[in-house]
Amino acid sequence: MSIGYACQTVGVPNTDQKSCIMKNASDDNLLIIISHNLTCLEKIINFNIENSIMLFRISSDIIPFGSSIAKNLPWWEIFASEIQAIGIKIQSSGMRVSMHPGQYTVLNSPNEDVVDRAIDDLNYHTKVLDSLGVGSEHKIVLHIGGIYNDKIGAINRFIANYHRLNENVIQRLVFENDDKSYNISDVLEIAAILNVPVIFDNLHNKIKPSDLTKSEGYWIDKCSRTWKQKDGNQKMHYSQQNMLKRSGSHSISIWIDEFMELYQSLDNKAIDIMLEVKDKNLSAVKCINCTTHNNSIKALKLEWSKYKYAILERSPINYAEIRKLFSSKDEYTAINFYNLVEEALRSHCTTENSINAALHIWRYLKDTLLEKEKASFLKHLDDYRQGKIPIRTIKNSLYKMAIKSQKSYLINSYYFVF
DNA sequence: CACCGTCAAGTCGCA
DNA sequence: TGCGACTTGACGGTG
């Protein structure tokens with residue numbers, strides 16, 4: 001089983017992709033952005049390897065306007081060596097990557113122009129994966145599309161347009177159930193006709209179920225039969241509803257108890273799980289640590305080093321509780337640890353606790369700083385105490401100081417993420 | 001540096 | 001027929 005995350009990282013320095021608006025999409029500007037984005041992708045892949053994250057979705061925005069304005073800009077030749085180097089890292093580490101055109105790529109539109117653009121978009125996504133040199137188990141995930149008051153007609157059009165796709169696109173294509181139009185049994189029916197693998201998305205299935213009497217396990221098992229040898233392990237998408245937002249919004253983090261219910265229920269643990277969640281790699285590492293038993297103590301202590309100041313800031317009680325957990329000779333589990341982490345992160349910071357955490361970070365930095373920087377920090381702290389500035393301002397300046405002093409222990413801390 | 005409107009994309013519900 | 005909502009993260013401009 002590999003567990004991964006989509007498109008971007010949280011708390012990993014220098015991995016933020018760039019984009020631009022259409023009016024700035026000159027060849028020169030696009031090349032600058034593409035070069036930057038490829039550098040970011042390489043750093044993300046490095047991070048994934050270092051953290052044993054073996055599943056990752058590459059952002060469709062890696063090449064801005066890749067299926068339109070940049071279509072004839074031969075980025076795959078200009079950056080051939082960079083792309084190849086990234087591809088080698090992916091393959092030699094055993095990582096599996098994928099791409100996922102968004103809701104605006106609609107293959108079954110009655111509008112021919114929209115269909116043409118969808119085909120261009122699928123060609124573009126295929127070009128990215130082909131350029132990396134990765135095999136056909138590195139997939140492109142597509143939704144079926146719209147209904148247009150005639151679902152049968154829309155499905156027939158989808159099938160007809162599917163046959164217009166190039167063979168190299170078809171080799172990578174997989175279909176996913178959505179939360180509005182095509183539920184899991186709709187997708188399985190279409191996929192059976194076209195002999196295409198199916199991704200089961202648990203949250204979409206909760207919002208638009210096909211049959212309330214069937215369990216998630218039932219659909220996962222059905223989907224498993226659509227995956228052939230050349231497609232690699234079965235994949236699914238997993239996410240949880242953010243209870244504070246509208247239906248379909250992804251949760252801030254993957255709450256571990258709920259995830260473990262799914263994990264325990266899986267008959268086939270060889271499935272790969274793509275998490276769709278706001279905290280990205282943080283949840284991926286969490287779920288990996290809770291489902292892997294080798295080196296888990298070492299991995300958990302590393303996690304603790306990253307989470308500790310974010311927790312101190314919110315819940316000194318849980319901070320103490322986790323320290324106790326690690327110092328005890330009793331057996332402790334990753335799940336116990338993450339339950340305490342989650343509980344702390346759901347709490348709010350008091351001014352006093354925020355200052356305390358900031359001072360803990362400050363202790364690591366103050367000896368490396370100039371008098372001017374020290375004075376500035378103390379002034380900031382005073383302004384925060386008086387409610388003149390938000391804690392974010394202090395965190396940002398501490399982060400800059402951590403970068404400047406090359407304190408990797410601090411740079412990697414999730415204190416700066418939350 | 002913080003804040004917030006805008007941008008891209010296609011569909012669908014509602015005047 | 002046309003418009004706004006929906007979604008997403010970064011842009012781009014303001015203060």
Side-chain angles (χ1 to χ4, degrees), chain A residues 5-12 14-26 29-30 32-34 36-37 40-41 44 57-71 99-122 124-125 142-151 153-155 157-158 161 176 178-182 201 203-204 207-208 237 239 241-242 245-252 276-280 376-377 379-380 383-384 387-401 403 416-417:
Chain A
Y5 64 101
C7 302
Q8 56 188 167
T9 61
V10 152
V12 182
N14 304 314
T15 58
D16 286 340
Q17 305 246 10
K18 284 195 187 307
S19 67
C20 67
I21 58 173
M22 268 186 158
K23 70 168 185 183
N24 297 331
S26 63
N29 201 26
L30 285 173
I32 291 167
I33 294 170
I34 292 165
H36 171 89
N37 289 354
C40 291
L41 177 61
I44 292 172
R57 180 190 301 164
I58 296 171
S59 169
S60 296
D61 297 328
I62 182 108
I63 312 291
F65 306 104
S67 60
S68 53
I69 302 169
K71 189 165 65 162
M99 295 187 81
H100 188 8
Q103 59 187 306
Y104 300 110
T105 301
V106 185
L107 191 59
N108 74 341
S109 176
N111 179 335
E112 264 304 300
D113 291 340
V114 171
V115 176
D116 288 344
R117 283 195 287 273
I119 292 171
D120 282 346
D121 204 32
L122 290 169
Y124 151 67
H125 284 86
L142 183 69
H143 291 293
I144 304 301
I147 300 271
Y148 317 94
N149 298 316
D150 172 16
K151 197 162 184 175
I155 290 171
R157 202 162 47 242
F158 182 87
N161 290 339
E176 182 198 347
D178 67 78
D179 58 358
K180 284 195 169 65
S181 306
Y182 295 91
D201 183 304
L203 184 60
H204 291 163
I207 296 164
K208 184 164 177 66
H237 289 175
S239 57
Q241 175 66 44
N242 182 330
K245 293 196 174 174
R246 75 183 71 251
S247 172
S249 289
H250 294 149
S251 59
I252 296 164
E276 295 180 317
V277 61
K278 292 288 173 203
D279 72 358
K280 305 288 181 185
S376 163
F377 172 76
K379 169 82 167 66
H380 269 145
D383 287 347
Y384 170 65
K388 289 185 192 166
I389 58 168
I391 192 68
R392 179 47 54 190
T393 307
I394 291 180
K395 287 196 180 192
N396 288 348
S397 77
L398 283 170
Y399 186 66
K400 277 189 184 161
M401 292 188 267
I403 298 273
F416 300 107
V417 169

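Numbers restart at 1 for each chain; the letters A, B, ... are given by sequence-line order, proteins then strands.
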K.L.:
Between C1' on dC7(B) and CD on Q17(A), what's the gap in Å once rounded to a whole number?
P.N.:
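Distance check: Q17(A) CD to dC7(B) C1' gives 17 Å.
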K.L.:
If the cut-off is 4.0 Å, is R392(A) near the phosphate of dA2(B), judged by side-chain N/O to OP1 or OP2?
P.N.:
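R392(A) to dA2(B) OP1/OP2: no side-chain N or O under 4.0 Å.
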K.L.:
Less than 4.5 Å apart, any side-chain heavy atom of P64(A) and any of N37(A)?
P.N.:
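Yes. Closest side-chain heavy atoms under 4.5 Å.
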K.L.:
Compare the minimum distances between each of dG10(B), dC1(B), dG12(C) and the side chain of I21(A), then state the nucleotide with the smallest one.
P.N.:
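Nearest to the side chain of I21(A) among the choices is dG12(C).
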K.L.:
Is N396(A) close enough to dA2(B) that one of its side-chain N or O atoms is under 4.0 Å from OP1 or OP2 there?
P.N.:
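For dA2(B), OP1 or OP2 has a side-chain N or O of N396(A) closer than 4.0 Å.
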K.L.:
Y5(A) OH to dT8(C) C1': how many Å, rounded?
P.N.:
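In whole Å, dT8(C) C1' lies 18 Å from Y5(A) OH.
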K.L.:
Within 45 degrees of the ring normal and closer than 6.0 Å to the centroid, is that where the cationic atom of K208(A) sits relative to Y182(A)?
P.N.:
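No; the conditions do not both hold, so K208(A) does not lie above the ring face of Y182(A).
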K.L.:
Can you check the H380(A) NE2 to dA2(B) C1' distance for me, whole Å?
P.N.:
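To the nearest whole Å, that distance equals 12 Å.
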K.L.:
Of T105(A) and N149(A), whose nearest nucleotide on DNA chain B comes first from the 5' end?
P.N.:
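Its nearest nucleotide lies further toward 5', so the answer is T105(A).
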K.L.:
From I62(A) CD1 over to S19(A) OG, what is the distance, rounded to the nearest 0.5 angstrom?
P.N.:
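With rounding to 0.5 Å, CD1 (I62(A)) is 12.0 Å from OG (S19(A)).
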K.L.:
Between N29(A) (CG) and dC11(C) (P), how many Å, whole number?
P.N.:
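It is 10 Å, rounded to the nearest whole Å.
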K.L.:
With sugar-phosphate meaning primed atoms plus P, OP1 and OP2, does K245(A) contact a base, only sugar-phosphate, or nothing at under 4.0 Å between heavy atoms?
P.N.:
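Contact class for K245(A): none.
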K.L.:
Is Y104(A) side chain donor-acceptor paired with the dT11(B) base, going by distance under 3.5 Å alone?
P.N.:
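A donor-acceptor contact between them is absent.
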K.L.:
So does R246(A) get a side-chain nitrogen or oxygen closer than 4.0 Å to the phosphate oxygens (OP1/OP2) of dC6(C)?
P.N.:
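Yes, such a contact exists.
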K.L.:
Rounded to the nearest Å, what distance is computed from the NZ atom of residue K18(A) to the P atom of nucleotide dG12(C)?
P.N.:
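Answer to the nearest Å: 10 Å.
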K.L.:
Using atom CD1 of I32(A) as one end and atom C1' of dC11(C) as the other, report the distance to the nearest whole Å.
P.N.:
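Going from CD1 in I32(A) over to C1' in dC11(C) covers 15 Å.
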K.L.:
Any side-chain heavy-atom pair from S251(A) and Q241(A) closer than 4.5 angstrom?
P.N.:
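Sidechains of Q241(A) and S251(A): no contact.
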K.L.:
Could you say whether K23(A) or Q8(A) is positioned toward the 5' end of DNA chain C, judged by the nucleotide with the nearest heavy atom to each?
P.N.:
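Looking at the nearest nucleotide for each, Q8(A) comes out on the 5' side.
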K.L.:
To the nearest angstrom, how far is D121(A) atom CG from dA9(B) atom P?
P.N.:
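So the two atoms are 11 Å apart, to the nearest Å.
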K.L.:
Of the listed nucleotides (dC12(B), dA9(B), dG10(B)), which one gets closest to any side-chain atom of R117(A)?
P.N.:
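Minimum distance to the R117(A) side chain belongs to dG10(B).
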K.L.:
Can you tell me how far P of dG13(C) sits from CG of N24(A), to the nearest Å?
P.N.:
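It is 8 Å, rounded to the nearest whole Å.
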K.L.:
Should S181(A) be listed as having a side-chain N or O under 4.0 Å from OP1 or OP2 of dT11(B)?
P.N.:
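Answer is no, no contact under 4.0 Å.
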K.L.:
For T393(A) and for F65(A), find the nucleotide of DNA chain B with the closest heavy atom, then tell me which residue's nucleotide is more 5'.
P.N.:
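The answer here is T393(A).
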K.L.:
Between T105(A) and D121(A), do the side chains contain a donor N or O and an acceptor N or O under 3.5 Å apart?
P.N.:
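Yes.
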